[in-house]
Amino acid sequence: MPNAVSALNGKAFSGFAQITEAGLQGMITLRGDLASPVIAEAVRAATGTPVPGPRQVVSAGGKSALWMSPDELLLLVPYADAAGIAAQLTPALSGEHALAVNVSDARAMFRIQGAKAAQVLQKLAPVDFDTLGADEVRRSRLAQVAAAMWKSGPDEFTVIGFRSVAGYIMGLLENAALPGSEIA
Amino acid sequence: MSTRLARGGRLIDRSKPITISFNGRRMPAFLGDTLASAVLANDQMMVGRSFKYHRPRGIMASGAEEPNALVGLGAGPRFEPNQRMTTTEAFDGAETASQNHWPSLEFDIGAINNKFSRFLPGGFYYKTFMWPRSFWKNVYEPFIRQSAGLGKVPTDRDADRYEQAYAYADVVVVGAGIAGLTAALGAARSGKRVIVLEMTPACGGRAVVDGFAIDGQPAEGWVAAAVDTLRGMDNVTLMTRTMATGLYDHGYLMAAQRIADHTPGDGRPKQRLWRIRTAEVITATGAIERPLSFAGNDIPGVMLAAAVRDYAVNYGISIGDRTVIVTNNDDAYRTALALLDAGLTVPAVIDARPTVTGALPQAVRDRGVRVLEGRGIAKVHGGKRVTGVEVCVQAGEGAMIEELGCDCVAMSGGWSPVVHLWSHCGGKLLWDEARAMFRPDANRPPLGADGRGMVRAVGAANGMLTPDEVLTDAHAAFGDGTAPQTNAPDEARMEPVWIMPQGAGPKLRAKMWLDPQNDVKVSDVQLAAREGYESVEHTKRYTTLGMATDQGKISNINGLAVLSDALHQQIPATGTTTFRPPYTPLTLGTIAAEARGEIFQPLRRTPIHEWHEAHGVEWEPVGLWRRPFCYKRAGETTHAAVNREVRNTRTNLGLLDASTLGKILVKGPDAGKFLDMLYTGVMSTLPVGKCRYGLMCNEQGFLSDDGVVVRLSEDSWLCHTTSGGADRIHGWMEDWLQCEWWDWKVYTANLTEQFAQIAVVGPNARKVLEKLGGMDVSKATLPFMTFAEGQLGGFNARVFRISFSGELSYEIAVPASEGRAFWEKLIEAGQEFGVMPYGTECLHILRAEKGFIMIGDETDGTVIPQDLNMAWAISKKKPDYLGKRGQERSFLASPDRWKLVGLETLDGSVLPEGAYAVAPGVNANGQRNVQGRVTSTYFSPTLNRGIAMGLVKHGPDRMGEVLDFPGDGGKVHQARIVDQVFYDKEGAKNDA
Amino acid sequence: MKRYSGFAVAREGLNYHLGWGRAWRNPAPRKKYDVIIVGAGGHGLATAYYLGKNYGIRNVAILEKGWLGGGNTGRNTTIIRSNYLQDPSAAIYEKARSLYETLSQDLNYNVMFSPRGLLMLAQTHHEVRGYRRTVYANNLQGVETEWIGPDRVKQLVPIINIDGPRYPVLGALYQARGGTARHDAVAWGYARACSDMGMDIIQQCEVTGIRQANGKVTGVDTTKGSIDCDKLGLVVAGHTSVLAEMGGFRLPIESLALQALVSEPIKPCMDVVVMANTVHGYMSQSDKGEMVIGGGTDGFNNYTQRGSWQHVEETIRALVETFPMISRLKMLRQWGGIVDMTGDRSPILSKTPLGNCFVNCGWGTGGFKAIPGSGWAMAELMAKGAPGPLTEEFSMYRFREGKFIDESVAAGVAH
Amino acid sequence: MLILECPCCGVKAEETELAPGGEAHLKRYGPGSSDEDFDNYMFARANPKGVHFERWRHAYGCGKWFLAARCTATLEVFGTYPAQTTEPPAELQAYIKSRRPEWEGYK
């Protein structure tokens, strides 16, 4: 994929927090009965992680599995591997009523870093970040668009949104992180 | 005159002098001043004109309840009308200007209204200005509008920025006076997550002004300690300069934080709107002092007693040299003491109560001040400033006993709890006869999501007026142990005084102001009652009482009392008007917050968006997307560009960015059955690798979307939708799967943004793909309405051999991340084949020439497929599909429905968009009968004439008939009914 | 009753206005009336007024559970227009608009009808198509509207931002004789006239039941006792479903909260009414100088007269984008009303399954502008017991046939 | 500004994260049904001033539809439950009865 370019090609902004479009990221939507051992095996094979519990994100060796809904996971894998893994999943799930599809190009991913990273999201999402679990994915909205967000490290949040509105999301995050607009 | 005292002023920093200007006059002030204290320090008592009579208006209060002191603040992109001086912090260089007068504040032509005031009572305009009819719009209204209105009109785009933020709490305490601080300490110590909101820059409320001791230390010290304690706790957030503007359902509290109002241009947001979700709200919002209704109580220099005290203690300002105090309660005597302490003269305290005892009055007497018992003010002397008052017997009709010279009147009619937040969300009030006030009824609070009370009022906001009452009440909210104690003296009960004197006649009542901004007088409320506007809402609306920018904070209760008296009923029988948010006016920019300019709304971009932008695109908004309408070359008109794109696509090669088309994957054992319900046609029988055009209807039977469906594999289909339809249709599918057919085994995934999709259209389409190489796209291998997946010029591609133009055409989907590269590769490879990108207008013309329908043009939510002669796309065999039953209803099954046909003007011109075909005669309502309308109309460069499609009654049976379409300027367009396919009827080109 | 005029005001002024009598009587209910109208809002009062004026039916009671004009009549943004797409809508709204032209004189009460002109901005090609279509329809319906270009829009509304970054103004549907009126005055003027005709307006009187015998209505039970009648008209907007329940039938109605707000008053800066439907906001300036602003409704059933904040926010940000100079104005007051939405968002003026019981509802977000026409048509329906040309298309049974009156097709909304 | 707990993902979502979907438990009538049944299915609504059963979609969250029992006069939320049911759970009905004794019950 020499021609592949992420939505904002790694655009970055430095305010009272660092905002970065995280570049190409492999993503696979997996829908099915999350309690099924077949699914569990397929997820293990794809990401090396167990099936996450409700609203949970589990990671292993740079790969992650995010719980998106009672019958849907989002698997994060290296971009170059996504198509292949998605292709392997389908036979792995044969006999099971399930859907596995590569959505790497339908999304954009952002990282917000810094001691006050939470303040940036606090201005945009109706979410109580004080009570957000360490391994909890929160699907909500950033201002006017849908997004999934979680605490991906100390002083770091990761946000996933739709590719077509990546520019809007970047605009929101930059505006919310402008120097002088720190909350207290 | 009003002036700055040599000492005192706990809120100002005398080491930090600043300068403000008022009507161009420069005035020295100090950091910590409000605009009000700043101008008062410079003997500027008169600061505006009233709304209706343009009477002189002075500062009356020291806080959010101020009705008069409104100015224009700043200039150009930072000009702000109607700024309340008493709550606006003064800053160096602040420019202010008084409002609602011409030519000047001192001399105002509009004051002529005052001369005629007796002929302009409440609601007079409902009784006159009716003749002649045209005069209302052209003469009367313009005059009224001109003399009404308050602030000047801003002209520029706002230079400041705003933002919002979300916060969550167990308890939000509103107000950081001693009641709020006490409650907050209790809540915080019990481990709750607490947010404290204080509207002013400093905490402490009235206690720090009134200056008693709490638990042995001065109130000021006690407050400072409490604030330090709270600030030191991790579970507490204390925000000053933050106004709780409104309480909404389920514990949603709105609060506006002033960040850079007092430091304009320092790069910070001007304001931040907090949206706080809380389990409980504690309103410790205090109380507001009531004016007294006596003749001339609106003359500059007549102020609320506590305000006079505030200016002396907080800002070191003497409002006047001689201040007469008029009251019906003990608290006002604190003002006398404060003024005496400041070395000022108090000629007398006029007390409406027949006998006055108690510690505070005694303290005043002890300092040699006369206390006139059972007395009132008959009238105030003065025009633009008080010069004296006439004293009378309160129980009488206003005969003068003596005249007192003074330049300030400090009045107190008692106190009203601030119940706004309590009431915003449905909290009810009770009338407390003993205290003569409406206060929160703890048994009928606003209800939260669980149906239980979500607000409690404490302290003065709950009707507790003496310091010990306040602290006990506030402490009880969360407290254990004993409440803080004060050394404040007991106070005798106030005695309600609704007009002064009791027996005042009409002449005096016509000079007793209730609402000084809107010029509503006691006589106006009595007139409303007399005329039958008996509901308090009627009276409010008829007289405009309490509808000014202060929303009646000081006028409501007095108005209610006067109304009740006029109706000979008790005050609770009259009730109050509804308290609406916001508590104080909320800047619109603060509400809009970040949503301005580029991030006003999301803009959806395809992976090829930037390429279009760099190549002369003219955009068309489609939902939140932008799609190229056409690509203009240097010096080219839109029309010329579109025609060029059409001709080139028909003769050479055109490229369309079709990425916005919806692409929904539907998979599972029951997917076929599901799609058969969703589409009017049959999708379950579609062979793998084949494409089929489908229509979707809503349950009404009306056409809602269309697109090509592809069978990807045994158990998976790809459904293309319109650009606007992708999310809607995906939601529609999930709705039926989750809520109706939840036992069907089907999964969907919206892949719209996973792929960039490009239509390669025209006689050279196959050539350019073959040049790219990698896949066999020949007619034999990839015939019309089939699909293949593979490598094309090194790109992973899905190739759909479909056509919406009648030309040989392929739609090719590649991963979005490679869309731009693939597009550029096609442009490059297409050069030798005359490639040109084309936009949506060209797309429309191409499809119209072929008679293809477009959702949104031929359909408008009232059209069914049968209207469009698309019965071929509707399965007769299927027992059911969404919309089938709806289409069976009589009006939809009627043979008289308008049906789709082609339309050709006789003169080759283009029919007007949306024009109607008239029929003879008029209907029962005298409206011209019609028999059809234009749904699509274009100039066809291919045929070099206007072409159109339309819906016409019995259209298909009337081929050749000519219809009249009235257009603009009386012109009637004549068009013949023809076949809707205008070009290549046999479809040879597509079959190439 | 005393006639209103400038001279009368001057004369009374000399006597401190002590001489004015009641605008309307405050009677106790009688045992029986020929007609009972439930709901003393604009529509109910207008219905009663035209029953008396056009059909001589004056033995009428208008029952109001709260205070007259206290519902949506006193809570709307006072916009008056008739530039509707569908024939039946255009007919009844234009009837109303034309009655507004002379209403002050008819009622001898100044309702301040101000035909200052109304624009519906087109900000997408789709809206351009829809509004041009509306203009052609209006011209055939006898409704005077025209399509105007961006320059003319800017000329009529100097404070507007014509080339906003997101939604440039491509033109507008302009109705020169559209405008506003003083909402309370409309209710008060009709009330005064009804009372003057001898009709009884009974406030604080809530209907608790509908009495019927062999399929026909015979009267109502109220908090002030039961009252008999020959004919019953239900004209209670958001509470129609509750009354229908008492009558034993259901309607295609849902009650939703609609919000409005006003800014602090400023000097005149906008002489016309502007509606921007793509961004969901509309604005006019009252005679007091307040910018009067309205937006969209909540999507869930609600009887609380409290709407959800995000709709205020959506409206404000749309208008700040369209009129950048309002950014530093302040919201003075916001409030909500309960609107009754039908299946096709058009009103119902209809006979009901219950004999001699008629319903006038479903005006949704657009009732104020229709008041005189609605009353005129409802009076005809009730007096004749059968629909006239203005009402026949608005039957509650149209949904069964699929014969909708759908205004949304022209991208227009029903404000 | 409502808060409803999504029974599918457990998030206490605020109104802006949700999409309302009208009256719940409507029975679909298709081809062969009477005009009246179809009309009622499409349009006739209880629209009560009081206890109301309604559809919501957690649109900005897990994307699932769920049902809620809510009072339209006070906005009190009695509870939320999955959409895959033809009538409100018995315990929820009992709870509503305890909060609204005058409620005639679910019919």
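Letters A, B, ... are given to chains in the order of the sequence lines, protein chains preceding strands, and every chain is numbered from 1.
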query = Which answer fits C:Val111, side chain, backbone, both or neither, if we ask what part of it has an atom under 4.5 Å from a heavy atom of chain B?
reply = neither

message = Can you tell me which portion of B:Phe51 sits under 4.5 Å from chain C's heavy atoms? Options are side chain, backbone, both or neither.
response = side chain

Pi-cation contact, B:Tyr533 with B:Arg541 (under 6.0 Å, within 45°) = no

request  = Assess whether atom NZ of B:Lys152 is packed by more than 12 heavy atoms of other residues, nucleotides or ligands within 6.0 Å.
outcome  = no

request  = Pick one of side chain, backbone, both or neither for B:Ala548, based on which atoms fall under 4.5 Å of a heavy atom in chain C.
outcome  = backbone

message = Between B:Tyr162 and chain C, with a heavy-atom cut-off of 4.5 Å, which part of the residue counts as in contact: side chain, backbone, both or neither?
response = side chain

key: Choice from B:Ala924, B:Pro582, B:Gly856 maximising heavy atom contacts with chain C below 4.5 Å   = B:Pro582

task = Examine whether an atom of B:Asn82 lies under 4.5 Å from a heavy atom of chain C, and if so say whether it belongs to the side chain, the backbone or both; otherwise answer neither.
result = both

task = Heavy atoms only, distances under 4.5 angstrom: which of B:Glu888, B:Arg157, B:Arg530, B:Arg928 has the most pairs with chain C? Name it, please.
result = B:Arg530

request  = Verify the distance criterion only: is there a donor paired with an acceptor across the side chains of C:Tyr136 and B:Asp968 at less than 3.5 Å?
outcome  = yes

ask   = Taking the six-membered ring of C:Tyr4, is NZ or CZ of C:Arg192 closer than 6.0 Å to its centre and within 45° of its axis?
value = yes

query = Taking atom types as modelled, is there a side-chain donor on B:Gln164 or B:Arg275 under 3.5 Å from an acceptor on the other?
reply = yes

query = With only heavy atoms counted, which part of B:Gln551 is less than 4.5 Å from chain C, the side chain, the backbone, both or neither?
reply = side chain

ask   = Highest number of heavy-atom pairs under 4.5 Å with chain C: which of B:Ser894, B:Gly967, B:Gly926?
value = B:Gly967

inquiry  = Tell me whether the count of non-hydrogen atoms from other residues, nucleotides or ligands lying under 6.0 Å of NZ in C:Lys403 goes above 12.
reply    = no

inquiry  = So does C:Glu290 get a backbone contact from the side chain of C:Gln285, meaning a donor-acceptor N/O pair under 3.5 Å?
reply    = no

task = Check the pair C:Arg306, B:Asp249 against salt bridge (charged side-chain N to carboxylate O under 4.0 Å, His left out), reporting the backbone distance first and the verdict last.
result = CA-CA 8 Å; C:Arg306 296 190 302 272; B:Asp249 289 285; 2.8 Å; yes

task = Mind ranking C:Glu94, C:Glu313, C:Arg132 by heavy-atom pairs under 4.5 Å with chain B and telling me who comes out on top?
result = C:Glu313

request  = Return the option, out of C:Ala91, C:Gly289, C:Ser104, with the maximum number of heavy-atom pairs under 4.5 Å with chain B.
outcome  = C:Ala91

key: Heavy-atom contact with chain C under 4.5 Å, split by part of B:Pro77   = backbone

key: chain B contact via C:Ile326 - which portion, at a heavy-atom distance below 4.5 Å   = both

note = Applying a strict 4.5 Å limit to non-hydrogen atoms, the region of B:Lys137 in contact with chain C is side chain

ask   = Will you find, in the side chains of C:Arg166 and C:Gln123, an N or O donor that is under 3.5 Å from an N or O acceptor?
value = no

Residue part contacting chain C, namely of B:Glu534, when any heavy atom lies under 4.5 Å = side chain

query = Who wins among B:Gln99, B:Lys52, B:Glu598, B:Lys270 for the most heavy-atom pairs under 4.5 Å with chain C?
reply = B:Lys270

ask   = Just by distance, do the side chain of C:Lys288 and the backbone of B:Gly149 share a donor-acceptor pair under 3.5 Å?
value = no

key: Interface moiety of B:Met254 toward chain C, non-hydrogen atoms closer than 4.5 Å   = side chain

ask   = Side-chain donor-acceptor pair under 3.5 Å between B:Glu620 and B:Thr840, yes or no?
value = yes

Heavy-atom contact with chain C under 4.5 Å, split by part of B:Glu913 = both

Backbone N/O of B:Arg889 and side chain of C:Arg400: donor-acceptor pair under 3.5 Å = no

ask   = Between C:Glu392, C:Gln334, C:Glu101, which shows the greatest number of heavy-atom pairs under 4.5 Å with chain B?
value = C:Gln334

query = Checking heavy atoms, do the side chain of B:Leu603, its backbone, both or neither come under 4.5 Å from chain C?
reply = both

task = Answer with side chain, backbone, both or neither: which region of B:Glu841 has an atom nearer than 4.5 Å to a non-hydrogen atom of chain C?
result = neither

task = Under 4.5 Å, counting heavy-atom pairs only, tell me which of B:Ala510, B:Gly597, B:Pro142, B:Ser147 racks up the most with chain C.
result = B:Gly597

request  = Heavy atoms only, distances under 4.5 angstrom: which of C:Pro268, C:Ser114, C:Ala23, C:Cys269 has the most pairs with chain B? Name it, please.
outcome  = C:Pro268

C:Tyr397 OH: over 12 foreign heavy atoms closer than 6.0 Å = yes

query = Which value, rounded to the nearest 0.5 Å, describes the distance between B:Met130 atom CE and C:Ser5 atom OG?
reply = 7.5 Å

ask   = For B:Arg78, is it the side chain, the backbone, both, or neither that has a heavy atom closer than 4.5 Å to a heavy atom of chain C?
value = both

request  = Kindly say whether B:Gln927 contributes a backbone atom to a donor-acceptor pair with the side chain of B:Asn925 at under 3.5 angstrom?
outcome  = no

Selection from C:Gln141, C:Met325, C:Glu321, C:Arg398 maximising heavy-atom pairs under 4.5 Å formed with chain B = C:Glu321

query = Could you walk me through whether C:Trp188 and C:Leu68 pass the side-chain contact (heavy atoms from CB on, under 4.5 Å) check?
reply = CA-CA 8 Å; C:Trp188 298 343; C:Leu68 70 87; 3.6 Å; yes

query = For the candidates C:Thr124, C:Asp271, C:Ile92, which exhibits the highest count of non-hydrogen atom pairs separated by less than 4.5 Å from chain B?
reply = C:Asp271

inquiry  = Could you check whether any side-chain N or O of C:Asp298 sits under 3.5 Å from a backbone N or O of C:Ser308, counting only pairs where one atom can act as donor and the other as acceptor?
reply    = yes

Contacting moiety of C:Phe113, where chain B heavy atoms sit under 4.5 Å = backbone

ask   = Side chain, backbone, both or neither: which part of B:Asn138 has a heavy atom under 4.5 Å from chain C?
value = neither

request  = Specify which of B:Gly532, B:Ser890, B:Pro581 makes the most heavy-atom pairs with chain C at under 4.5 Å.
outcome  = B:Pro581

